[in-house]
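Reading through the structure tokens given below for one structure.
This structure is a prediction, so every number in the text was calculated from the model and none was measured. Hydrogens, waters and symmetry mates play no part in the numbers below; they use all other heavy atoms, side chains included. Naming: A, B, ... by sequence-line order, numbering from 1 per chain.
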Amino acid sequence: MRRLEDRLFVAAVVLGSALALAPLAHALAVTLYNGLSTMASAGLGFFVNPPPTPYSASLGGVAPALVGSLLLLALALPPSALLGLLLAVFTNEFPGSRAAALVEVGARAFASVPTVILSMVAYSLIVVPTRRYSALAGAFALTAASLPYSYTAFSSALRMVPEMYREAAYSIGMSRWATVWEVIVPIARRGIASGVLMTLARTLGETAALLFAVGALRYVVPLNPLGPVDALPLLIFDYALSPYKLFHEVAWGAAALLLIVSLVLFALSKAVVKGVRL
Amino acid sequence: MLSEKDKIFYFSLLPPALTTLGLLALIVSTIGAKAALVLPQALAILAANVWDPENERYGLLAPVLGTLVVASIAGAVSLVLGLPLTLAVAELLRGRLGSVLQTLLEMASAFPTVVIGLWSARYLAPFLSENVMKPLYSSFGFIPTFSCRPLGGYSLLTAGLAIGFSVVPYTASIMIESYRLIPSTYREACYGIGATRYETARIHVSLARPAIAGSVLLGVARAMGETTIAAMTVGNAMNISACLFEPSYTVPALIAAQFGNANLYRYAEPVLYLAALVVLALALALSAVGFKLVSGWRVRIVG
């Protein structure tokens, strides 16, 4: 009787886990299947052409959204990583202090702000006063959206550094400042690099934060950070909701591209911590 | 306690350290200030169900109820699917296979939500409509939640399940991290008295109950603010119904659909900021309770 119960339990756990992973596995499979067939029929033009109009003869490409996404990441990631690192160093160095506790609470609260709200804030603080949608406004929302990721990743990287390095540094008379920047942060560099890649992967797919900030400049490759841009997730979102079959195909292609890049960044972030040389 | 040099260090890091709090205050005050115009009528707006910008008549009841329903379904999904994953990773497969499964979970949490949204709109919605909603409607149509004929699949149920699937890796990772903190003495004691894996797991799960509840609340808080998947699956209709198969709205989906053109009307924008304020308050409160449960439990179980 007890053995039967145990068998049933194992079966239920296996079934439940399979049910949890099945939707995501199916999503992965059909996105790659549909997206790669779009890319195959669009050819290399998928990366250099603007998207099609609803009744175009050819599929076109996603060049403006791709460049826009890269521009947004280039603007949003450095401030997010820098702030995240300073926050992580602070809570790691002064763990008992009241300010560190406040920083922790702030970071947690920040992580639970819905990203669509960040987009509304970027709209009212940047888009309305400057009278234009811009990559800058998008970068502001993205920085805010990615800060919790970079902070969490960096603080766990710093916590991994064994305490004895700190003691060794103090024992040869190094100051706390020097200990942090010349001993602890360099030792944690793999973890920090991994955190940057992970943050990049998550920020790349962020959609809602951009909705009312960047203006979706769909057919022109953007070069001006103060002007409107498009982004891959926004293009997927808009095209999926459109009634045109051609747009749906482009959306699948862009989705596969986004998913592949996210997964590659994820794999890299894992490889960096394991010390695999690539 | 700190030396003179350390104090300089402390105070030089303090301003950047407090930026998150500053940003948080900026967010809340911006949203609050923009909603100020309609705050005196907040209760009336929350209780009404109408979206008619042409005549400047607004109500948020449908999206607020829809948000609660969708987030509850997503929370239930993340419990029902997150717990088996936790037990698989932390109890049954404590070797290489377990860490492979955990890496798969982390990978799944790196899936962009817009991709899950696209998949849900194209595959999950029609699948649920044909294989779940229609059979439930024809066999259990007398139960109010199943009492409407499904059309196309864009519905509260689809949005709840889709968001649930996307939240599971997040919830499960917090559950796994907590489960692993249970001291091994409990496991040794269980095996020592000849308990089976099932009995051991039952004892561990009942020990971890507050942490599990906290993880689910954190999942619900996240589900509440999920915009992309909701906008692509919930059907976008100002509709209040007990039936889960009908299209409705969530607050983030309403914002995604309406905020872009809201500046054409006088009150549409403030009403949407009010809606954002409601969801922000709910998400912050739920996640605060969730964190409190999880971290309080962690201190007790390790201590």
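For the residue pair A/Ala240 and B/Arg122, the shortest heavy atom distance occurs at O-NH2, 2.7 Å. In terms of heavy-atom proximity, A/Arg202 sits nearest to B/Glu106 at NH2-O, 4.4 Å. Taking all atoms of both residues into account, the shortest heavy-atom contact from A/Ala107 to B/Thr20 is N-OG1, 4.3 Å. Contact between B/Leu284 and A/Ala109 at its shortest, heavy atoms only, is CD2-O, 3.4 Å. A/Ser112 approaches B/Ala283 most closely through the heavy-atom pair O-CB, 3.7 Å.
Paired with A/Leu24 under the rule side-chain contact (heavy atoms from CB on, under 4.5 Å), one option of B/Leu104, B/Val115, B/Ile116, B/Leu105 passes, and it is B/Ile116.
Between A/Phe94 and B/Tyr10, the two ring planes are perpendicular [angle over 60°; tilted spans 30° to 60°]. Aromatic ring pairs are classed by plane angle as parallel below 30°, tilted from 30° to 60° and perpendicular above 60°; the pair A/His26 and B/Tyr123 is perpendicular.
Heavy-atom distances place the side chain of B/Ile31, and not its backbone, under 4.5 Å from chain A. Heavy-atom distances place no part of B/Ala221 under 4.5 Å from chain A, backbone and side chain included. Interface remark: A/Ser124 contributes backbone and side-chain atoms alike to the contact with chain B (heavy atom separation under 4.5 Å).
Taking CD from B/Glu269 and CE from A/Met120, the interatomic distance works out to 8.0 Å, rounded to the nearest 0.5 Å.
At least one side-chain heavy atom of A/Leu83 sits less than 4.5 Å from a side-chain heavy atom of B/Thr19.
Cation-pi geometry between A/Arg176 and B/Phe9 is not satisfied (NZ or CZ under 6.0 Å from the ring centre, within 45° of the ring normal).
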